[in-house]
Amino acid sequence: MDKSMLGDLDGLPEEDKMRMAAMVEQLQIRDSLRMYNSLVERCFTDCVDTFRRKTLDKQEESCVRRCAEKFLKHSMRVGMRFAELNQGVATPD
């Protein structure tokens, strides 16, 4: 985990720093799982029309691939924009 994400924790005891790092890691895992579940649900709903066979047909597979790529590109762009905005807000002490 990136230490900069925890901010300035120098004044905290080591045990509290470890607890904070574990909490941040759990939140990151939870957010990653939420994003993945959202991606799967959205692309499945948009792309899969019937359940004729066990595998996706070519059209469904192509749709899922495009949907996933768009979703991930959008998520990356939002993350980059959020980081840009955070850098503008941060003030040196």
Side-chain angles (χ1 to χ4, degrees):
M1 176 184 61
D2 186 5
K3 298 223 184 244
S4 66
M5 293 182 70
L6 293 177
D8 187 19
L9 300 178
D10 293 335
L12 290 178
E14 195 62 34
E15 182 179 320
D16 289 342
K17 289 180 190 177
M18 297 291 284
R19 234 183 280 137
M20 287 292 294
M23 287 172 53
V24 168
E25 189 172 331
Q26 286 177 343
L27 289 173
Q28 289 174 332
I29 291 169
R30 185 195 68 196
D31 289 344
S32 294
L33 289 173
R34 280 185 181 166
M35 186 176 91
Y36 176 78
N37 288 336
S38 176
L39 166 68
V40 169
E41 185 175 341
R42 165 175 268 156
C43 293
F44 183 84
T45 301
D46 289 350
C47 297
V48 179
D49 298 323
T50 62
F51 295 96
R52 293 174 286 196
R53 54 179 76 104
K54 290 190 286 186
T55 60
L56 298 174
D57 63 28
K58 296 290 185 200
Q59 183 179 359
E60 291 170 335
E61 189 174 334
S62 175
C63 179
V64 168
R65 184 173 288 115
R66 278 193 319 272
C67 177
E69 286 173 0
K70 284 181 183 180
F71 186 91
L72 294 174
K73 284 179 183 177
H74 171 28
S75 295
M76 287 178 14
R77 179 63 187 130
V78 168
M80 288 171 43
R81 184 68 178 133
F82 183 72
E84 290 169 4
L85 291 172
N86 267 349
Q87 286 177 348
V89 172
T91 59
D93 289 338

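Ion pairing between a basic and an acidic side chain is recognised when a charged N comes within 4.0 Å of a carboxylate O; Glu69 and Arg65 show no such pairing.
Using a distance-only test at 3.5 Å, with no hydrogens or angles considered, no donor-acceptor pair links the side chain of Ser62 to the main chain of Lys58. In terms of modelled atom types and a separation under 3.5 Å, the side chain of Ser38 and the main chain of Arg34 share no donor-acceptor contact.
Both Met35 and Leu39 belong to a common hydrophobic cluster when Ile, Leu, Val, Met, Phe, Trp and Tyr are linked at side-chain heavy-atom distances under 4.5 angstrom.
Rounded to the nearest 0.5 angstrom, Leu27 CG and Met23 CE are separated by 6.5 Å. In this structure, CG in Asp46 is found 11.0 Å from CZ in Arg66, a value given to the nearest 0.5 Å. The structure places CD of Gln26 at 11.0 Å from CD of Gln28, a figure rounded to the nearest 0.5 Å.
The number of heavy-atom neighbours closer than 6.0 Å to CZ of Arg42, taken from other residues, nucleotides and ligands shown, is 12 or below. Remark: Glu41 CD is loosely packed, at most 12 non-hydrogen atoms of other residues, nucleotides or ligands lying under 6.0 Å away.
Distance check for Cys43 and Cys63: the SG atoms are not under the 2.5 Å cut-off.
Looking only at side-chain heavy atoms (C-beta outward), Thr50 and Glu60 come within less than 4.5 Å of each other. The side-chain heavy atoms of Asp57 and Arg52, taken from C-beta on, include a pair separated by under 4.5 Å.
The two residues Cys47 and Val64 make their nearest non-hydrogen contact at SG-N, 3.5 Å.
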Practice task
Please step through side chain to side chain contact (heavy atoms under 4.5 Å, CB included) for the pair Lys73 and Met76, ending with a clear verdict.
Solution key: CA-CA 5 Å; Lys73 284 179 183 177; Met76 287 178 14; 5.5 Å; no
